[in-house]
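Take a look at the structure set out below.
Since the model is a prediction, treat every value here as computed from it, not as a measurement.
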Amino acid sequence: MTTAESRRVLVVEDDASSRMTISFALKDIGYTVLEAGSAEDGLRLLMEKSPAVVISDIRLSGMSGIELLKKVKEIRPNIQVLLITAYGTIEDAVRAMNLGAENYLTKPINMEELELIVKRAAEKFDLLQEAQYLRAQLQATKKFDRVVGNHPRMKEIFEIIEQVAPSTASVLIYGESGTGKELIGEALHKMSKRASGPFVKVNCHVFSETLLESELFGHEKGAFTGAHSRREGRFEMADGGTLFLDDINVMPEVTQPKILRFLQEREFERVGGSATIKVDVRVIAATNTPLHEEVAAGRFREDLFYRLNVIPINLPPLRERRSDIPLLVGHFVKKYAARNDKGDLAVDDATLALAMGYDWPGNVRELENVMERAVVMSRGPVVLPQHLPDFHRGTDTPSLTSSLAGRPLADVEREAILGTLASVEGSTGRAARILGISVRKIQYKIKQYREEAEKKELSSDDPYKELLTSSD
């Protein structure tokens, strides 16, 4: 890989004649050369222009080449430094290499040797830059390893998570059932300073009023019938970590003041106990209904709502981020193909078109279940429409057929192709693998869609406007 940055070389030499000789030789073979008569000027150019390779004489007036080497490696470790030395100072060059120099040249400089060494140094710079980028991408993937999405609204959510995760602020996640609220909670925990601590989950909908209080705060022996021994609650289990309260909108009114007290004072008592317990726990809550409506209806304390709603995160339903469907389909097919020893599976165009046309009332959870079934039912290398479950379950349940009724097949195909391209940031290769079609077909279609877009003005909120107006 060759980049514009890797063709940029900084020559630091206080001897003007030597500096010009090196510069001319490198310019003749296509390098962009920056020149500096001192290490101080070289550092200034380095900060402004960011070269891939620095060539410096060891003996400079003022700051030496060795000192320059140390500063370059402190500022930008990937930059390759080549040092020039006279015959009598080879030991200095070897010492410099131990400090991070890539190579050294001896005077008088052999220009063929110079070209070869600079070429290798520039290639190494590119490799290091690419490795650094891939590590960053891998780290970013690990942060959101279970949250899949490339829709603009999901990107906004990822940015919010990265910003608020290190804080201690309470977070309230809004979203329909199946949108992935728990996964967002986990991502917040993983990216926080509490990542090494426990992530404890409680679904408020599962427990009765009495049991929920015991589940959260624990109880003492004899606190109620069946309490045969002391039991720690989820708050104690989450000490040093995060407590995720799902379906907090159904939390009993009698329990709400105790949650409020913990958020204010960071303390509580077990059921049936008098000892005050203090723990260090961050609370993240989730609701599938607008909590302010519960407040207005008198079912949820307003002061608790404000304590929980410090940082609100609104997860969109899958039907409002359809461009993520191809990415999710590919993710789940790969996941369950590996789990069921199915090898590499492609997704048929018609299968993806059905997925894109369905409203998914159960959101991502429903899509995952459907794709797991499809993978298990597939017998060949492609997931076909017949591998999907029967969506005709009565008039009250949306079906793939009803959601596609009246839509031209060309529109469905356009949505599938553009949605997939958007989800993989325009990579035709990746889109082709997800869709199970050729790269050439995708390239032909995107050319066709761009030509159509030129003939009409795209809406400002068209999710594919950037893709269709790109010159790439």
Side-chain angles (χ1 to χ4, degrees), residues 1-137 470-472:
M1 180 181 75
T2 301
T3 64
E5 191 176 10
S6 68
R7 304 295 298 177
R8 198 175 298 136
V9 179
L10 169 62
V11 178
V12 183
E13 169 65 85
D14 53 9
D15 181 79
S17 177
S18 296
R19 187 171 68 246
M20 289 176 60
T21 301
I22 295 171
S23 297
F24 285 144
L26 293 176
K27 286 176 181 177
D28 281 346
I29 56 175
Y31 287 95
T32 300
V33 182
L34 311 169
E35 296 183 40
S38 68
E40 291 79 6
D41 286 344
L43 283 174
R44 179 180 54 78
L45 282 172
L46 181 142
M47 297 300 294
E48 292 175 358
K49 304 294 185 180
S50 189
V53 181
V54 173
I55 303 174
S56 174
D57 198 336
I58 285 183
R59 307 295 185 186
L60 294 170
S61 55
M63 184 190 300
S64 72
I66 297 289
E67 291 173 306
L68 175 62
L69 164 65
K70 291 178 181 178
K71 288 189 176 295
V72 170
K73 288 301 178 180
E74 287 174 4
I75 297 169
R76 292 184 183 155
N78 289 351
I79 292 178
Q80 302 301 293
V81 180
L82 309 177
L83 292 175
I84 303 171
T85 179
Y87 285 110
T89 56
I90 297 295
E91 289 183 3
D92 284 345
V94 172
R95 182 167 64 89
M97 291 183 68
N98 290 333
L99 292 172
E102 173 60 17
N103 212 324
Y104 66 90
L105 300 157
T106 57
K107 291 182 177 181
I109 294 174
N110 181 306
M111 291 305 159
E112 290 184 1
E113 181 186 14
L114 170 70
E115 293 174 10
L116 180 61
I117 292 175
V118 170
K119 180 176 181 291
R120 288 175 177 170
E123 289 173 349
K124 183 173 181 180
F125 170 83
D126 265 342
L127 288 172
L128 290 172
Q129 290 288 92
E130 185 173 9
Q132 183 175 317
Y133 171 77
L134 291 173
R135 282 195 298 271
Q137 289 293 96
S470 169
S471 59
D472 294 339

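- The two residues Asp57 and Ile84 come nearest to each other via the heavy atoms OD1-O, 3.1 Å.
- You'll find the side chain of Val118 stays beyond 4.5 Å of the side chain of Ile29, heavy atoms only.
- More than 12 heavy atoms of other shown residues, nucleotides or ligands fall within 6.0 angstrom of atom NZ in Lys27.
- The CG atom of Leu34 sits 11.0 Å away from the CG atom of Leu26 when rounded to the nearest 0.5 Å.
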### Message
Assess the residue pair Glu123 and Lys119 against the criterion (salt bridge (Lys or Arg N to Asp or Glu O under 4.0 Å)); give the C-alpha distance rounded to whole Å, side-chain angles, the decisive distance to 0.1 Å, and a yes or no.
### Response
CA-CA 6 Å; Glu123 289 173 349; Lys119 180 176 181 291; 2.7 Å; yes

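- When each of Val33, Leu10, Val9 is checked for a side-chain contact (heavy atoms from CB on, under 4.5 Å) with Pro51, only Leu10 meets the rule.
- The minimum heavy-atom distance between Ala36 and Leu45, with the atom names listed, is CB-CD1, 4.1 Å.
- From Lys49, atom NZ reaches atom OG1 of Thr32 across 10.0 Å, with rounding to the nearest 0.5 Å.
- Taking both residues in full, the closest heavy atoms of Ala39 and Leu68 are given as O-CD1, 4.0 Å, listed atom of the first, atom of the second, then distance.
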### Message
Would Leu43 and Met63 count as a side-chain contact (heavy atoms from CB on, under 4.5 Å) here? Give the steps.
### Response
CA-CA 11 Å; Leu43 283 174; Met63 184 190 300; 3.9 Å; yes

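- Here the OG-NZ distance, from Ser64 to Lys70, works out to 7.5 Å after rounding to the nearest 0.5 Å.
- Residue Leu99 holds its CG atom at 11.0 Å from NZ of Lys73, rounded to the nearest 0.5 Å.
- Thr85 approaches Tyr104 most closely through the heavy-atom pair CG2-CD1, 3.9 Å.
- Note that CD1 of Ile109 is 9.5 Å distant from CD1 of Ile117, once rounded to the nearest 0.5 Å.
- By the side-chain contact (heavy atoms from CB on, under 4.5 Å) test, Glu112 is found to be paired with Asn110, residues two or more places apart in sequence or in another chain being considered.
- Nearest heavy-atom pair, Met111 versus Ala25, reported as atom, atom and distance to 0.1 Å: SD-CB, 3.7 Å.
- Atom CG of residue Leu128 and atom CD1 of residue Ile79 lie 11.0 Å apart, to the nearest 0.5 angstrom.
- Checking side-chain atoms of Gln80 against main-chain N and O of Ala122 turns up no donor-acceptor pair under 3.5 Å.
- Listed by first and then second residue, the salt bridge (Lys or Arg N to Asp or Glu O under 4.0 Å) pairs that reach into residues 9-24 are Glu13-Lys107, Arg19-Glu35, sequence neighbours excluded.
- In this structure, Gly65 and Leu83 approach most closely via the heavy-atom pair O-CD2, 4.0 Å.
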### Message
With side-chain contact (heavy atoms from CB on, under 4.5 Å) as the criterion, how do Leu105 and Ile22 come out once you've worked through the C-alpha distance, each side chain's angles and the decisive distance to 0.1 Å?
### Response
CA-CA 11 Å; Leu105 300 157; Ile22 295 171; over 6 Å; no

